[in-house]
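See structure below.
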Amino acid sequence: MKTSYEALNKILKGEHMAIRQYQAYIDTLTDSPLRNHLTAILTDHKEHASRIAYYIQTNGGQVEEGAGLVGIVADWKTRLTNLREITPIEMLKRLYDGEDNGLARAVQYSEQYLNSAEKEVLNPIFSDEHDHLKQLQNLWEGLYNNI
């Protein structure tokens, strides 16, 4: 990557991928506490994407919207998987893995390519993402223990 804006746009694409993945799973659920939890996390990801895009735009960068080709493929893969019956435990496991991998990549980009001011913008987002991991794990454990 040549600029910090490229790194920020990669992180932004990750947020868009998360938005698409959460939305695909939420679309399969009826009204339930699980749907409400996932919708709250989805709302956080939308807020994160807005925050990152705003920072890029207001600091002279060009925002790259959308999840890119990788995100589109992942979205279709999720939707095709959802054509068969997917258990809530499987759903939570996949969301956890996506969240964990996405956060790891975002932190890596941040450490390698961003200055302290840019990292400061992302720190609350990364904190939220860690909270999402804890929430998903708690939801998964709660469902698993009820089997």
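All heavy atoms count here, side chains included; hydrogens, waters and symmetry mates do not. Values in this document were obtained by computation on a predicted structure and should not be read as measured data.
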How many angstroms lie between atom [atom1] of [X] and atom [atom2] of [Y], to the nearest 0.5 angstrom?
| X | Y | atom1 | atom2 | result |
| --- | --- | --- | --- | --- |
| L34 | M91 | CG | CE | 6.5 Å |
| Y113 | T3 | OH | OG1 | 10.5 Å |
| L95 | L136 | CG | CG | 6.0 Å |
| L139 | I41 | CG | CD1 | 6.5 Å |
| E6 | E64 | CD | CD | 7.5 Å |

### Query
Is the shortest heavy-atom distance from the side chain of I125 to the side chain of L122 under 4.5 Å?
yes
### Message
Just so I know, are the side chains of R94 and Y25 near enough to count as touching, which here means a heavy-atom distance under 4.5 Å?
### Response
yes
### Task
Evaluate the criterion side-chain contact (heavy atoms from CB on, under 4.5 Å) for residue pair L92 and L38; output intermediate values, then yes/no.
CA-CA 9 Å; L92 290 170; L38 297 183; 4.1 Å; yes
Partners meeting side-chain hydrogen bond (donor to acceptor under 3.5 Å, both in side chains) with [X] (sequence neighbours left out):
| X | answer |
| --- | --- |
| E47 | R51 |
| Q108 | none |
| D131 | none |

#### Entry: salt bridge (charged side-chain N to carboxylate O under 4.0 Å, His left out) pairs, two or more places apart, involving residues 114-124
none
### Task
Grab the two heavy atoms, one from V121 and one from P124, that are nearest each other, plus how far apart they are.
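Reported closest heavy-atom pair: O-CD, 3.5 Å.
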### Message
Please find the pair of heavy atoms, one from A53 and one from V63, that lie closest to each other, and give the distance.
### Response
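So the two residues come closest at O-CG2, 3.4 Å.
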## Note on the structure
By side chain to side chain contact (heavy atoms under 4.5 Å, CB included), T39 pairs with (sequence neighbours left out) I26, R35, T43
### Message
Which residues pass the side chain to side chain contact (heavy atoms under 4.5 Å, CB included) test with Q137, not counting sequence neighbours?
### Response
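With sequence neighbours excluded, Q137 shows a side chain to side chain contact (heavy atoms under 4.5 Å, CB included) to Y96, E141, given in chain and number order.
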### Query
How far apart are the C-alpha atoms of L42 and K46, what are their side-chain angles, what is the distance that settles it, and do they pass the side-chain contact (heavy atoms from CB on, under 4.5 Å) test?
CA-CA 6 Å; L42 171 64; K46 288 179 178 180; 4.0 Å; yes
### Task
Indicate yes or no for a side-chain donor-acceptor contact from N9 to the backbone of Q62 under 3.5 Å, with no hydrogens or angles considered.
yes
### Path from I19 to Y54 over hydrophobic side-chain contacts below 4.5 Å
no
Would you tabulate the side-chain donor-acceptor contacts of residues 97-107 under 3.5 Å, counting partners in other chains and residues two or more places apart, or write 'none'?
from, atom 1, to, atom 2, distance (Å)
D97, OD1, K93, NZ, 3.0
D97, OD2, K93, NZ, 3.2
E99, OE1, Y22, OH, 2.5
E99, OE1, H45, NE2, 3.2
E99, OE2, H45, NE2, 3.1
E99, OE2, H132, ND1, 3.2
N101, ND2, D97, O, 3.2

